Protein chains: 2
Amino acid sequence: MVTLKDVAKKAGVAVSTASYALNNNPKISETTRNMVLTAANELDYRPNGTARNLKKQKTETIGLFLNDLAGPYYSEIIRGVQKVVSDNEYDLVVCSASGGTDSTAYKFLQERRVDGAVILAPKITDKEIYQVARTQLPVVVLDRKLESDYIKYVLIDNVNGSYQAVTHLINRGYKNIGFLSGPEESYDNKERYEGFSRALNDNNFLFDENLLFKGDFTEEEGYKVISKFLKNDISIDALFAANDEMAIGAIQAIKENNYQIPNDIAVVGFDDIRLSSYINPPLTTVRHPKYEMGTFATHMIFQILQGAATESIVLPTQLINRESS
Amino acid sequence: MVTLKDVAKKAGVAVSTASYALNNNPKISETTRNMVLTAANELDYRPNGTARNLKKQKTETIGLFLNDLAGPYYSEIIRGVQKVVSDNEYDLVVCSASGGTDSTAYKFLQERRVDGAVILAPKITDKEIYQVARTQLPVVVLDRKLESDYIKYVLIDNVNGSYQAVTHLINRGYKNIGFLSGPEESYDNKERYEGFSRALNDNNFLFDENLLFKGDFTEEEGYKVISKFLKNDISIDALFAANDEMAIGAIQAIKENNYQIPNDIAVVGFDDIRLSSYINPPLTTVRHPKYEMGTFATHMIFQILQGAATESIVLPTQLINRESS
DNA sequence: TTGAAAGCGCTAACAG
DNA sequence: CTGTTAGCGCTTTCAA
């Protein structure tokens, strides 16, 4: 491995001079700089990032931590984060939090391999986040309501979003509205259920516990749960799913049982993922500003990094009316 | 920041002892180890990954470099890479290559912030890859045919895949088959065009240059190009798109012009992305083993890392018959 | 079984 | 403008 020392030797200067020259420090003369540059070129010198990071005590990279790297849901958020990170001339690495305590996410957070973290990974515990933040690492969470000096959140108005969705169903005359739930621990799921309940309450509907379907945010589970239900029973005329993936699974199940959407059963989802507008029938759903979640969150990281004040925020949602309801 | 030195001082031992203790080195006595562990706990000590990496001259992380982090196309590949990386108890970071020479990708590669690289990012030049490989960093490319001691490739049989797709169209009686092309520089696109041409040739069709439509692998462009074409002309009865995204855009355009798919115009794509089976009509396309691309590529990285022999490979494709043809 | 010390590759005072 | 040098936090050889 060719190091700065080698370059310096070849150029006949001190390492410090070589370092300055390569970093375009103005105190190095044009001639010296050229000598160094030439030497570096000839040796095909590559600075060692690890060494630089250690010395400078920063990495100039922001980490984005996701439960599952492959989730299509994240696309827009990633795009938003990416944008702001590059605007600040930092680097972005995306890491997975799958694998629990010895996941890449934990390592990168604990070992300070990033200067800031955007977290959308329920697998990372609140405790861990608090601990990391105590080492003065700026963190913005997108999947829970957590706050401290170094922790801010960017959330969407889940409650209001589902409140609107359910109110919409009620206004259209649907009477027996089921709730297709995500994992019970999920913050988003809880909030969406909350909005659902409130809408029912405010309209003097009472909720039949039998119409609470337990899913896990996946299409498969949505399909399975609703298929099973429709085998015996068809006491619902509408279904509100806590996310689009499950809604899509449910639609599949409903169609296979030869019910019409939305005539027999209406379906509304949450998230407005790309697929939702392509399926048949196109899915009514609650849209939220994913890209902006990414940009806001990352902005906040840099604010904290610069010691400026920042406020956590909750972003609005919007009901997108399509043909499934 | 609390360092190993602090822990050692608190525990009343030397740094080396503290280091051994924390790394479970058996030559440290139970009692000493406990003292160190307690001290570390009380101080909430976090080892510094950067320092360790520098010392050990390795990072135990593999980098996956993509043109665009947000592309839904990559999901399965990422999953495959992830799997093998964790099986080897390494970490995975995904980086973007957008932004050219000063992208995160370039930095991470050049500065050895990863121990190996899986590349699916046409924006990274061949030259760069060769240079990086000369520093003995194992690289596996998924988007071009490059090879050397430290470079291997995992590709799919693009030529054969599109040959089959086009032959299928011909067998079904379609006569005027258009080609909706991706960017001309794209390796995949070139190969897919090659397969297209061969299939025409082998069936004694001659290709009308007017039926070559230039897209860029995006849905929007596929939509635009085909919309424009259909305004004046309808001299095609089938369209082979170099990827599914463009095929989906084309389908949109065809439907908007009130042509029937596949009766008036058949459409075949390439990739078998998730959306393809959901759209209307479901898209006939060429499937390739994305997950396996990821696992094979990553396996190869570890092979090289261990000094074992590896061979580049080309994976087979499969025609998926749906209702668009 | 433990400790002292060298050094990974780099940056940045400081001195000249 | 350039060189000397300390040291970032850690691992590991060598000596005790």
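Remember, predicted model here, so these are calculated numbers, not experimental data.
- In this entry the distance linking CD of B/Gln57 with C1' of D/dG9 reads 14 Å, nearest Å.
- Summarising the geometry, the separation between CG on A/Asn25 and P on C/dA13 is reported as 11 Å, rounded to the nearest angstrom.
- The residue among B/Lys56 and A/Val15 whose nearest nucleotide of DNA chain D is located toward the 5' end is A/Val15.
- Annotation: of the two residues near DNA chain C, B/Ala18 and B/Lys55, the 5′-most nearest-nucleotide partner is B/Ala18.
- In this model, a donor atom of one side chain and an acceptor atom of the other lie less than 3.5 Å apart for B/Asp115 and B/Thr59.
- Regarding contacts with the backbone of D/dG9, every side-chain N or O of B/Thr50 stays at 4.0 angstrom or more from both OP1 and OP2.
- Distances shorter than 4.0 Å separate none of the side-chain N or O atoms of A/Ser19 from OP1 or OP2 on C/dA12.
- Comparing D/dC10, C/dG9, C/dG3 against the side chain of B/Asn48 picks out D/dC10 as the nearest.
- No side-chain donor-acceptor contact under 3.5 Å links B/Thr50 and A/Arg113.
- Remark: P of C/dC10 and CG of B/Leu54 are 9 Å apart, rounded to the nearest angstrom.
- Computed from coordinates, the A/Glu111 CD to D/dC10 P distance equals 10 Å when rounded to whole Å.
- The distance between atom CG of A/Asn53 and atom C1' of C/dC8, rounded to the nearest whole Å, is 14 Å.
- At the heavy-atom level, A/Leu4 lies under 4.0 Å from base atoms of the strands shown.
- Residues B/Thr61 and B/Asp91 have side chains that never bring a donor and an acceptor to within less than 3.5 angstrom of each other.
- Not a single donor-acceptor contact under 3.5 angstrom links the side-chain atoms of B/Lys5 to the base of D/dG9.
- Taking side-chain N and O atoms only, B/Asn23 has a distance below 4.0 Å to OP1 or OP2 of D/dT11.
- For C/dC10, one of the phosphate oxygens OP1 or OP2 lies less than 4.0 angstrom from a side-chain nitrogen or oxygen of A/Tyr45.
- Judged by distance alone, with hydrogens and angles left aside, A/Ser16 brings no side-chain donor or acceptor close enough to the base of D/dT2 to form a pair under 3.5 Å.
- For B/Ser16 and B/Ser19, the side-chain atoms include no donor-acceptor pair closer than 3.5 Å.
- Side-chain atoms of A/Arg46 and B/Gln131 include a donor-acceptor pair closer than 3.5 Å.
- Checking D/dC1, C/dT1, D/dC10 against every side-chain atom of B/Thr32, the shortest atom distance belongs to C/dT1.
- With hydrogens and angles left out, the side chain of A/Tyr20 and the base of C/dA13 share a donor-acceptor pair within 3.5 Å.
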